[in-house]
Amino acid sequence: MELDNTPKLTTLLKPYDPKETEARIYKAWEESGFFNPDVCIEKGVTASDAKPFTIIMPPPNVTGVLHMGHAMMLTLEDIMIRYHRMRGDRTLWIPGTDHAAIATQSKVEGIIKKEEDKSRHDLGREEFLKRVETFAQASHDSIASQIRVMGSSCDWSREAFTLDETRTKAVRTMFKKMYNDGLIYRGHRIVNWDPKGQTTIADDEIVYEERKAKLYTFKYSKDFPISISTTRPETKIGDVAVAVHPDDERYSAFVGKEYDVVFCGVPIHIKVIADQSVEKEFGTGALGVTPAHSIIDWEIADRHNLPRPQVINEYAKMTVGDERLLGKKTTVARDVVVAWLKQEGLLEKEEEVNQNISTAERTGGIIEPLPKLQWFVDVNKPFTIADSQIKGIESGSQVTLKEIMTKTVAGGQVAIIPDHFSKTYFHWIENLRDWCISRQIWYGHRIPVWYKGDETYTGVEAPTGNGWVQDADTLDTWFSSALWTFSTLSWPEKTKDFEIYHPTDVLETGYEILFFWVARMILMTGYALGTVPFHTVYLHGTVRDAQGRKMSKSLGNGIDPIDVADKFGADAGRMALIIGNTPGTDSRISEDKIKGYKNFANKLWNITRFVLSSIDESVIDTKPTINENDKSLLAEMSLLETEMTKDIEEYRFYMAGEKVYQYVWHRFADVILESSKEIMKNGTTEEKHSRQRILYEILKRNLVLLHPFMPFVTEEIWALLPKEQGDRALLMIERWPTQ
RNA sequence: GCGCGGUUAGCUCAGUUGGUAGAGCGUCCCCUUGACGUGGGGAAGGCCAGGGGUUCGAAUCCCUUAUCGCGCACCA
């Protein structure tokens with residue numbers, strides 16, 4: 001490696017300017033090829049038998065631009081990656097983006113609506129998809145450049161997209177495998193229907209909003225013996241039973257009896273049944289069972305083998321009744337039914353209650369539970385796992401997807417940081433139902449199933465022959481995300497990458513997608529590969545504004561990480577995001593905090609100026625004797641290195657960052673540099689040389705320690721520093737101190 | 001309803017296995033003009049939410065109360 005021992009003091013005369021520096025440095029890194037572990041091995045930076053360290057980047061949605069949460073994610077991951085690369089590990093960080101089906105589609109629909117006043121149906125499937133792809137591409141390009149601005153040292157040669165060719169193959173292969181194992185099934189079941197988005201959504205895409213509602217208590221008819229309560233009288237047209245608790249003596253005489261009534265002009269048949277799920281104390285203690293329009297009631301119907309008449313359609317309109325009801329919106333129909341109840345003298349009580357109403361996360365539409373023919377992943381069905389490396393699950397044994405999710409975490413094969421999220425995780429699994437994976441949207445992985453008459457074909461490629469029609473639905477975006485750790489490594493191809501880098505080491509992501517994503521990756525990996533997708537899950541919190549509010553467009557309180565990089569430098573933004581931020585805890589960020597770390601970058605710059613202007617070149621070429629006092633300063637430095645290494649290994653990045661900050665500013669600059677001034681003035685030649693040598697050494701060693709946190713300024717200073725034998729040209733591949 | 005967190009200096013937060021509390025910012029005083037004013041030195045400020053317990057010793061472990069936040073479920 002070439003050594004350039006000319007201190008570039010002219011550069012150093014100016015204050016540190018991150019804006020001028022950062023883009024240039026990133027380009028140099030990228031051109032060096034060292035983001036790619038193959039190049040590191042090829043060039044002798046990494047041993048060919050070095051142990052791998054892998055992170056697959058959680059792919060940002062191609063819905064626009066990066067926000068502070070992404071910046072935090074990228075920083076945390078880059079710290080780990082740079083640290084491991086400097087340690088000599090075979091370090092791989094794969095970047096990528098997510099097509100984010102519903103989110104991207106609704107974004108583009110919104111734009112087209114606004115600009116052209118057209119819907120996706122006006123454009124047609126093919127034309128609409130073209131528009132989405134154009135949008136996604138532009139969005140991808142800005143995201144990719146923003147990831148670079150943050151200084152992320154990821155391997156762009158392996159970049160992936162959840163909807164590209166390789167990932168499509170993985171998705172289809174997985175679908176077919178699960179279908180063949182009977183874990184994916186098509187069924188007519190009650191689902192969460194979003195009338196606004198015209199699609200099904202998964203249970204965890206529901207957001208509950210508290211609203212005031214009226215609870216009506218009434219009887220179906222004058223002769224009906226039991227009163228029931230509901231907030232949705234219009235659904236009662238779909239009732240088939242009244243359920244009471246088996247121990248409820250008030251109603252035991254009626255259990256088993258059946259009644260025919262005409263309810264608001266519609267004849268209905270009601271059976272009185274006893275079911276454990278009914279609460280005696282709630283309302284009248286009797287529940288009108290509407291199987292087609294309530295998830296709980298659907299399950300009651302399962303237990304009692306009841307019919308499930310549908311009375312509401314996909315547009316939230318009534319499908320039965322006379323002219324008063326037919327075709328009316330549910331909200332209108334509700335008033336009609338209530339008026340009828342009053343008129344007939346059946347309404348006994350009308351009270352105001354607070355209720356949690358289910359809305360769709362993406363569109364805000366009020367969820368209408370409906371029975372529909374959809375695709376599901378069965379989480380409770382046992383299947384034979386061919387080859388299992390999961391503790392407590394033997395190869396060839398019968399196991400369910402739920403068991404896989406539980407045992408990998410319970411057995412410690414996947415460690416969650418902070419640990420208390422494991423409890424939340426288990427709690428979620430206990431309540432997990434079958435996962436509805438089909439969506440009635442256009443953008444995404446189309447379900448790889450084809451129909452011809454009564455025939456059904458499932459496969460990676462379309463079937464040959466005429467007359468086959470592909471299923472119109474697409475897959476839940478989390479289906480493809482769930483394969484991310486191994487689809488990015490070219491699964492189902494058995495590549496070298498896959499062999500070397502999977503399972504990955506760390507998944508670093510926000511706690512809010514523990515269920516959406518983390519759990520499903522564990523599910524898919526356990527199922528398809530019999531192993532875990534990663535050994536450690538590091539969950540970061542939400543980045544909030546200075547007042548602790550979530551950053552949002554409507555509030556206008558967002559801080560754009562790119563603006564931050566522009567104004568203060570990416571290094572400053574990185575430090576501000578990391579320091580004082582513990583895993584799983586929300587953090588606040590403000591310009592003041594970021595500014596503080598810009599000052600720190602400048603401080604480091606000026607330390608360098610002082611050191612370089614204080615030392616003779618002789619202390620670099622010929623190592624002078626270090627006196628006892630200065631030796632103790634080096635020992636202090638070693639201690640810092642040991643502590644920081646331990647902190648990073650144990651995922652305490654906030655502490656590692658703070659320690660080196662404290663040391664550089666308040667020990668190295670405030671004490672050691674200050675005391676050096678006196679030595680340079682009045683010390684003996686030996687004292688001067690000893691001190692000069694350790695100033696040089698301490699500075700270099702601090703640059704190494706700081707590099708994962710503030711890669712740009714440290715790399716820039718490194719380039720300006722005279723080198724000695726063994727120093728590497730780029731700081732990013734300099735060796736981390738061995739412990 | 002079930003579960004999980006938080007409650008520490010004016011503000012934002014640390015405090016790794018229990019050993020009489022720390023940082024950043026802010027405030028006040030002082031210093032300094034060839035590394036840096038994006039600087040240096042110093043100071044004030046906390047019965048670590050309340051109560052109880054374990055211990056030689058508790059911010060740290062256990063119980064309990066209050067309060068804030070979050071997740072899940074349900075509200076028929």
Side-chain angles (χ1 to χ4, degrees), chain A residues 9 12-13 15-16 203-204 206 208 210 213 215-217 228-233 235-236 239 242-244 275 277-279 281-290 293-297 300 353-358 418-433 511-512 514-515 541-542 544 546-548 568 572 575-576 579-582 584-593 595-614 643 646-647 650-652 654-655 657-659 661-662 665-666 669-671 673-674 676-677 695 699:
Chain A
L9 282 168
L12 274 163
L13 286 177
Y16 177 61
D203 290 343
D204 33 25
I206 291 176
Y208 292 99
E210 191 172 294
L215 182 67
Y216 303 94
T217 302
I228 56 161
S229 302
T230 184
T231 52
R232 299 198 58 189
T235 64
K236 298 292 103 183
D239 280 14
V242 164
V244 298
D275 194 279
S277 69
V278 180
E279 277 182 47
E281 286 72 29
F282 191 92
T284 62
L287 161 67
V289 181
T290 324
H293 301 288
S294 155
I295 290 168
I296 297 296
D297 294 5
I300 293 174
V353 292
N354 287 325
Q355 77 165 358
N356 283 332
I357 195 152
S358 334
D419 179 55
H420 71 256
F421 274 101
S422 307
K423 287 179 194 164
T424 317
Y425 174 87
F426 293 132
H427 190 242
W428 176 80
I429 294 174
E430 279 169 31
N431 291 309
L432 187 63
R433 301 168 201 242
Y511 62 74
E512 73 279 1
L514 179 61
F515 309 137
T542 308
R544 296 167 178 275
Q547 282 92 54
F568 305 102
M575 285 294 268
I579 291 187
N581 178 24
T582 46
T585 308
D586 292 354
S587 59
R588 301 184 184 199
I589 192 120
S590 61
E591 288 216 343
D592 280 348
K593 188 174 181 188
K595 209 168 159 187
Y597 293 104
K598 181 189 161 78
N599 295 349
F600 178 60
N602 191 57
K603 185 78 182 178
L604 191 66
W605 188 257
N606 284 299
I607 288 169
T608 308
R609 287 176 61 180
F610 177 84
V611 170
L612 287 184
S613 61
S614 306
E643 286 182 7
K646 192 162 183 276
D647 287 335
E650 292 168 14
Y651 304 96
R652 290 187 298 270
Y654 59 98
M655 192 167 279
E658 190 164 333
K659 274 180 187 160
Y661 172 93
Q662 282 298 320
W665 200 314
H666 300 299
D670 289 352
V671 179
L673 255 58
E674 289 303 326
S676 300
K677 289 175 183 172
L695 286 180
L699 174 59

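Numbers restart at 1 for each chain; the letters A, B, ... are given by sequence-line order, proteins then strands.
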Report task. Take the protein atom CG of Asp586(A) and the nucleotide atom C1' of C70(B), then report the distance between them rounded to whole Å. Result -> 9 Å

Requested in this report: May I ask you to test the Leu514(A)-Trp428(A) pair for a side-chain heavy-atom distance under 4.5 Å?
Outcome: no

**Report entry** C1' gap between C48(B) and G18(B), integer Å
**Finding:** 14 Å

Query raised in the report: Base, sugar-phosphate alone, or nothing: which one does Ser587(A) contact when heavy atoms must sit under 4.0 Å apart?
Result: nothing

Query raised in the report: Which whole number of Å gives the distance between the C1' atom of U54(B) and that of C62(B)?
Result: 7 Å

Query raised in the report: Which part of the nucleic acid, if any, lies within reach of Asn581(A) when heavy atoms closer than 4.0 Å are counted: base, sugar-phosphate only, or nothing?
Result: nothing

Report summary line: Rounded to whole Å, CZ of Phe515(A) lies from P of G71(B) at a distance of 10 Å

**Report entry** Pair partner, U54(B) [Watson-Crick or wobble, under 3.5 Å]
**Finding:** none

Query raised in the report: Taking side chain as C-beta onward, heavy atoms only, is Leu604(A) less than 4.5 Å from Trp665(A)?
Result: no

Query - P-based separation of U16(B) from G34(B) [nearest Å] - result: 44 Å

**Report entry** Distance test, side-chain N/O of Lys593(A) to OP1/OP2 of G26(B), below 4.0 Å
**Finding:** no

Query raised in the report: Which part of the nucleic acid, if any, lies within reach of Val278(A) when heavy atoms closer than 4.0 Å are counted: base, sugar-phosphate only, or nothing?
Result: base

Requested in this report: Tell me what Gly580(A) touches on the nucleic acid: a base, only sugar-phosphate, or nothing, going by heavy atoms under 4.0 Å.
Outcome: sugar-phosphate

Requested in this report: Quickly work out the His420(A) NE2 to C72(B) C1' distance and round it to whole Å.
Outcome: 14 Å

Query raised in the report: Is Tyr654(A) near enough to A23(B) that one of its side-chain N or O atoms lies under 4.0 angstrom from OP1 or OP2?
Result: no

Report summary line: Checking G71(B), U38(B), C36(B) against the side chain of His427(A) (C-beta onward), the nearest is G71(B)

Query raised in the report: Contact class for Asn431(A) vs. all strands (heavy atom < 4.0 Å): base, sugar-phosphate, or nothing?
Result: sugar-phosphate

Report task. Could you tell me which nucleotide pairs with G71(B) by Watson-Crick or G-U wobble geometry, both distances under 3.5 Å, or answer none if nothing does? Result -> C2(B)

Query - His666(A) NE2 to G24(B) P, straight-line distance once rounded to whole Å - result: 5 Å

Query raised in the report: Tyr208(A) versus Ser358(A): any side-chain heavy-atom pair under 4.5 Å?
Result: yes

Query raised in the report: Does Trp665(A) place a side-chain N or O at less than 4.0 Å from the phosphate oxygens OP1/OP2 of G40(B)?
Result: yes

**Report entry** Whole-Å gap separating P (G22(B)) and CD (Gln662(A))
**Finding:** 13 Å

**Report entry** Proximity to the side chain of Lys603(A) - top-ranked nucleotide from C72(B), A14(B), G40(B)
**Finding:** G40(B)

Report summary line: Mate of U7(B) across any strand shown (Watson-Crick or G-U wobble, both atom pairs under 3.5 Å) is A66(B)

Report task. For C25(B) and U38(B), measure between their C1' atoms and round to the nearest Å. Result -> 14 Å

Report task. Look at all strands and tell whether Lys677(A) reaches a base, only sugar-phosphate, or nothing, counting heavy atoms closer than 4.0 Å. Result -> base

Query raised in the report: Is a side-chain donor-acceptor pair under 3.5 Å present for Ser277(A) with Asp275(A)?
Result: yes

Query raised in the report: From C13(B), C74(B), C36(B), pick the nucleotide closest to the side chain of Glu674(A)?
Result: C36(B)

Query - Nucleotide nearest Arg433(A) (side chain, heavy atoms from C-beta), chosen from C36(B), C74(B), C72(B) - result: C74(B)

Requested in this report: Look at all strands and tell whether Gly288(A) reaches a base, only sugar-phosphate, or nothing, counting heavy atoms closer than 4.0 Å.
Outcome: sugar-phosphate

Query raised in the report: Does a side-chain N or O from Tyr208(A) land closer than 4.0 Å to OP1 or OP2 of C74(B), or not?
Result: yes

**Report entry** Partner nucleotide, any strand, of C13(B) [Watson-Crick/G-U, under 3.5 Å]
**Finding:** G22(B)

Query raised in the report: Would you say the side chain of Lys423(A) and the base of C4(B) hold a donor-acceptor pair, judged only by whether the two atoms sit under 3.5 Å apart?
Result: no

**Report entry** Options U12(B), A35(B), C74(B), nucleotide nearest the side-chain atoms of Ala669(A)
**Finding:** A35(B)

Query - Gap in Å between the two C1' atoms, one belonging to U8(B) and one to U60(B), rounded - result: 12 Å

Report task. Could you say whether Ile295(A) or Lys646(A) is positioned toward the 5' end of RNA chain B, judged by the nucleotide with the nearest heavy atom to each? Result -> Lys646(A)

Requested in this report: Please determine if a side-chain N or O atom of Thr582(A) lies less than 4.0 Å away from the OP1 or OP2 oxygen of A14(B).
Outcome: yes

Query - More than 12 heavy atoms of other groups within 6.0 Å of Lys659(A) NZ - result: yes

**Report entry** Rounded C1' spacing from U55(B) to G40(B) in Å
**Finding:** 45 Å

Query raised in the report: Reckon Thr585(A) touches a base, only the sugar-phosphate, or nothing at all at heavy-atom distances under 4.0 Å?
Result: sugar-phosphate

Query raised in the report: Do Lys593(A) side-chain atoms and Ala546(A) backbone N/O form a donor-acceptor pair below 3.5 Å?
Result: no

Query raised in the report: Judged by atom type as modelled, is there a donor-acceptor pair below 3.5 Å linking the side chain of Thr585(A) to the main-chain atoms of Asn581(A)?
Result: no

Query raised in the report: Looking at A73(B), does its base get a donor-acceptor pair with the side chain of Glu430(A) below 3.5 Å?
Result: no

Report task. Check the pair Arg232(A), Thr290(A) against side chain to side chain contact (heavy atoms under 4.5 Å, CB included), reporting the backbone distance first and the verdict last. Result -> CA-CA 10 Å; Arg232(A) 299 198 58 189; Thr290(A) 324; over 6 Å; no

Query raised in the report: Is there a Watson-Crick or G-U wobble partner for C48(B) with both distances under 3.5 Å, and which nucleotide is it?
Result: none

Requested in this report: Specify the separation, in whole Å, of atom CD of Glu658(A) and atom P of G24(B).
Outcome: 8 Å

Query raised in the report: With no angle test and no hydrogens, is the base of U16(B) tied to the side chain of Arg652(A) by a donor-acceptor pair under 3.5 Å?
Result: yes

**Report entry** From C4(B), A35(B), U12(B), nucleotide with atom closest to Leu673(A) side chain
**Finding:** A35(B)

Requested in this report: Consider the side chain of Ile296(A), meaning its heavy atoms from C-beta on, and name the nucleotide among G40(B), C72(B), C74(B) that approaches it most closely.
Outcome: C74(B)

Query - RNA chain B: 5'-proximal contact among Ala546(A) and Val353(A) (nearest heavy atom) - result: Ala546(A)

Query - Separation of the C1' atoms in G52(B) and C68(B), to the nearest angstrom - result: 23 Å

Report summary line: Paired to U38(B) by Watson-Crick or G-U wobble criteria (both distances under 3.5 Å) is none

Report task. Calculate the interatomic distance between Phe426(A) atom CZ and G71(B) atom P; express it in whole Å. Result -> 21 Å

Requested in this report: Could you tell me which non-hydrogen atom of Thr217(A) sits nearest to which non-hydrogen atom of Thr284(A), and how far apart they are?
Outcome: CG2-CG2, 3.7 Å

Query raised in the report: What integer distance in Å separates Tyr661(A):OH from U38(B):P?
Result: 15 Å

